[in-house]
Asks: 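Attaching a single structure in structure tokens format; questions to follow.
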Amino acid sequence: MPTDYVLDGTTATALNENEPTKPINVYGVTKLAGEKACLQQNPDAIIIRTSWVYSSVGANFVKTMSKLIQERDHLNVVADQIGSPTYAGDLTQAIMTTDTHTIIVSPGFIIFLMRAESVGINLL
């Protein structure tokens, strides 16, 4: 399950399945290479790209921000990334049902982009 690092993330709008890949760093290059290798080995493979996954388990952006909001009167947050936090339960459901947005790259190759449509937290 590659991350958003295979896309350059320079747009201020939500990304979709038609975005050209343009890895932003070595990590993204290796993730994209993994996608390609996976599809080469198994043309029927399904690749799901997602990012900013959160749940009640483990450390993640949403939990950190929720905690800080309760502890502090004022937050300073960098604005160098735009993301759409994806709830792990929603991602699991999407994986189980493949109820996501799709694009057929070529016969037998399917890539899904899973992203949350809205976020229930306002940090401003």
Side-chain angles (χ1 to χ4, degrees):
M1 186 177 319
T3 67
D4 55 340
Y5 288 84
V6 300
L7 307 169
D8 70 11
T10 58
T11 180
T13 59
L15 300 173
N16 65 50
E17 303 82 11
N18 297 312
E19 301 293 331
T21 55
K22 186 176 178 187
I24 61 172
N25 55 26
V26 173
Y27 178 70
V29 169
T30 61
K31 288 300 212 174
L32 182 58
E35 281 186 13
K36 290 177 179 178
C38 180
L39 291 171
Q40 224 172 19
Q41 292 297 311
N42 182 1
D44 295 326
I46 295 174
I47 294 173
I48 298 176
R49 292 181 184 149
T50 193
S51 63
W52 295 35
V53 178
Y54 71 94
S55 75
S56 61
V57 178
N60 58 68
F61 179 78
V62 173
K63 278 179 63 177
T64 299
M65 290 297 106
S66 295
K67 180 181 177 211
L68 292 175
I69 287 168
Q70 293 175 10
E71 295 175 353
R72 300 179 183 177
D73 293 329
H74 179 78
L75 295 179
N76 291 321
V77 181
V78 297
D80 63 345
Q81 290 187 353
I82 297 172
S84 182
T86 303
Y87 174 57
D90 292 342
L91 180 58
T92 300
Q93 184 65 29
I95 292 169
M96 298 303 291
T97 64
T98 61
D99 183 24
T100 57
H101 306 277
T102 65
I103 180 173
I104 297 175
V105 177
S106 65
F109 287 37
I110 302 174
I111 294 179
F112 295 89
L113 180 66
M114 172 63 186
R115 70 172 188 270
E117 291 297 324
S118 63
V119 179
I121 186 170
N122 184 348
L123 301 177
L124 299 178

Asks: Taking only residues two or more places apart in sequence or in another chain, which ones pass side chain to side chain donor-acceptor pair (under 3.5 Å) with D73?
Replies: none
Asks: Measure across L32 and T21 and return the closest heavy-atom pair with its distance rounded to 0.1 Å.
Replies: CD2-OG1, 3.6 Å
Asks: Would you say that more than 12 heavy atoms from the other residues, nucleotides or ligands in this model lie under 6.0 Å from the NZ of K22, or not?
Replies: no
Asks: For N76, give me all partners under side chain to side chain contact (heavy atoms under 4.5 Å, CB included), at least two apart in sequence or on another chain.
Replies: H74
Asks: Between V62 and P85, what is the shortest heavy-atom contact and its length?
Replies: CG2-CB, 3.7 Å
Asks: Taking atom OG1 of T64 and atom OH of Y54, what is their separation to the nearest 0.5 Å?
Replies: 13.5 Å
Asks: Would a 4.5 Å heavy-atom cut-off, applied to side chains only, mark L75 and I69 as touching?
Replies: yes
Asks: For P20 versus L7, what's the shortest heavy-atom pair and its separation?
Replies: O-CD2, 3.6 Å
Asks: Over 60° means perpendicular and under 30° means parallel, so classify the ring planes of Y27 and Y5, tilted if in between.
Replies: perpendicular
Asks: Would you please name every residue forming a side chain to side chain contact (heavy atoms under 4.5 Å, CB included) with Q41, sequence neighbours left out?
Replies: none
Asks: Tell me, please, which residues at least two apart from S55 pass side chain to side chain contact (heavy atoms under 4.5 Å, CB included).
Replies: V57, A88
Asks: To the closest 0.5 Å, what do you measure between CG (N25) and OG1 (T30)?
Replies: 8.0 Å
Asks: Is there a donor-acceptor contact under 3.5 Å from the side chain of K63 to the main chain of G58?
Replies: yes
